[in-house]
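Below: the structure, in structure tokens.
Values in this document were obtained by computation on a predicted structure and should not be read as measured data. A, B, ... follow the sequence lines: proteins, then strands. Residue 1 opens every chain.
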Protein chains: 2
Amino acid sequence: MEMKPVGWVESPLGERSQAPKQGNEGSPEAWIVFEAELAEALHGIEAGDEVLVFTWLDRADRSVLQTHPRDDPANPLQGIFNTRSPDRPNPIGLHPVTVLAIEGLRMKVRDLEALDGTPVVDVKPVI
Amino acid sequence: MEMKPVGWVESPLGERSQAPKQGNEGSPEAWIVFEAELAEALHGIEAGDEVLVFTWLDRADRSVLQTHPRDDPANPLQGIFNTRSPDRPNPIGLHPVTVLAIEGLRMKVRDLEALDGTPVVDVKPVI
């Protein structure tokens with residue numbers, strides 16, 4: 001099961017310590033830059049749309065099975081599948097964002113907490 | 001970016017023609033069977049929880065870039081990122097389901113339209 005990047009995140013967020021825990025907790029505006037051969041796959045997406053962006057959280061620790069949610073020791077230890085921690089066996093990030101603009105292969109979005117350079121692996125409409 | 005299965009779907013659905021277009025459009029009850037070494041990662045998930053199941057839709061056509069939503073030619077052609085079609089560059093399935101029971105490494109769920117034998121790659125709580 002091998003994934004290929006369909007695009008990349010361009011964001012002012014450079015490290016995990018700068019990123020909010022959830023996208024709507026203070027993320028800066030960011031861009032997704034898609035691979036040129038996938039231009040057709042964007043057809044129909046417009047400014048104002050709510051979409052789900054899927055990323056590959058390439059700086060995650062894939063060996064973690066339990067964690068304290070939100071990195072707060074006061075929260076009881078939970079199985080990683082009961083948390084949104086980026087550290088998990090397959091570090092897929094799920095980001096509900098609002099599309100602010102589409103310019104060719106570039107999509108500007110609000111509420112994306114992924115770090116600069118993170119690979120994007122899928123985009124789906126919110127249903 | 002290589003994913004490993006964290007579990008597998010057990011479902012009466014054997015082929016795409018039997019599966020509803022969305023999970024809540026008539027899916028039978030199904031089980032997810034997790035890999036034994038990931039038992040700890042399930043800690044805290046309980047019957048009644050709403051979770052997001054991520055699958056790898058291994059019978060998808062990864063070359064498709066545009067489609068008529070819901071396979072209905074009356075719907076105008078859309079970029080694949082503006083649809084929920086399983087045929088897409090990285091065929092990640094996203095399934096909001098309700099947990100009906102947990103029995104060790106087995107999780108019984110409602111509203112899962114994935115086919116029998118589909119690899120599961122992640123589970124996250126609904127926020």
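In terms of heavy atoms, A/Ile92 sits closest to B/Lys124 at O-NZ, 2.6 Å. Heavy atoms only, all atoms of each residue included: A/Asn82 and B/His43 are closest at CB-O, 3.8 Å. Across every non-hydrogen atom of B/Trp56 and A/Met3, the tightest pair is CZ3-CG, 3.5 Å. Minimum interatomic distance between A/Asn90 and B/Lys4 (heavy atoms only, all atoms of both residues): ND2-O, 2.6 Å.
For the set A/Gly44, A/Pro76, A/Ala39, the entry with the most heavy-atom pairs within less than 4.5 Å of chain B is A/Gly44. Looking only at heavy-atom pairs under 4.5 Å with chain A, the residue among B/Asp58, B/Leu42, B/Ile127 that has the most is B/Ile127. When each of B/Gln78, B/Gln22, B/Glu37 is scored by its heavy-atom pairs under 4.5 Å with chain A, the top score falls to B/Gln78. Top candidate by heavy-atom pairs under 4.5 Å with chain B, chosen from A/Leu94, A/Asp122, A/Ile80, is A/Asp122.
Counting only heavy atoms from C-beta outward, the side chains of A/Leu77 and B/Glu40 never approach each other to under 4.5 Å. A 4.5 Å side-chain heavy-atom check between A/Val6 and B/Phe81 finds at least one atom pair inside the cut-off.
If you chain together hydrophobic residues whose side chains sit under 4.5 Å apart, B/Leu57 and B/Val64 never meet in one group. At a threshold of 4.5 Å between side-chain heavy atoms, the hydrophobic network of Ile, Leu, Val, Met, Phe, Trp and Tyr places B/Leu100 and B/Ile32 in two separate groups. Under the 4.5 Å side-chain heavy-atom criterion for Ile, Leu, Val, Met, Phe, Trp and Tyr, A/Val121 and B/Leu52 are members of the same hydrophobic cluster. Hydrophobic clustering of Ile, Leu, Val, Met, Phe, Trp and Tyr side chains at less than 4.5 Å, counting indirect connections, unites A/Val53 with A/Phe34. Both B/Leu112 and B/Leu105 are members of a single hydrophobic cluster when ILVMFWY side chains are connected at heavy-atom separations under 4.5 Å.
For A/Glu2, the parts lying near chain B are the backbone and the side chain together; criterion is any non-hydrogen pair under 4.5 Å. Neither the backbone nor the side chain of B/Val120 has a heavy atom closer than 4.5 Å to any heavy atom of chain A. With a 4.5 Å cut-off on non-hydrogen atoms, A/Pro119 touches chain B through its side chain but not through its backbone. Looking at A/Val99, there are no atoms closer than 4.5 Å to chain B (heavy atoms on both sides), in backbone or side chain. There is no contact between B/Val51 and chain A, counting heavy-atom distances below 4.5 Å.
A/Arg88 contributes atom CZ, which lies 11.5 Å from atom CG of B/Leu38 (distance to the nearest 0.5 angstrom).
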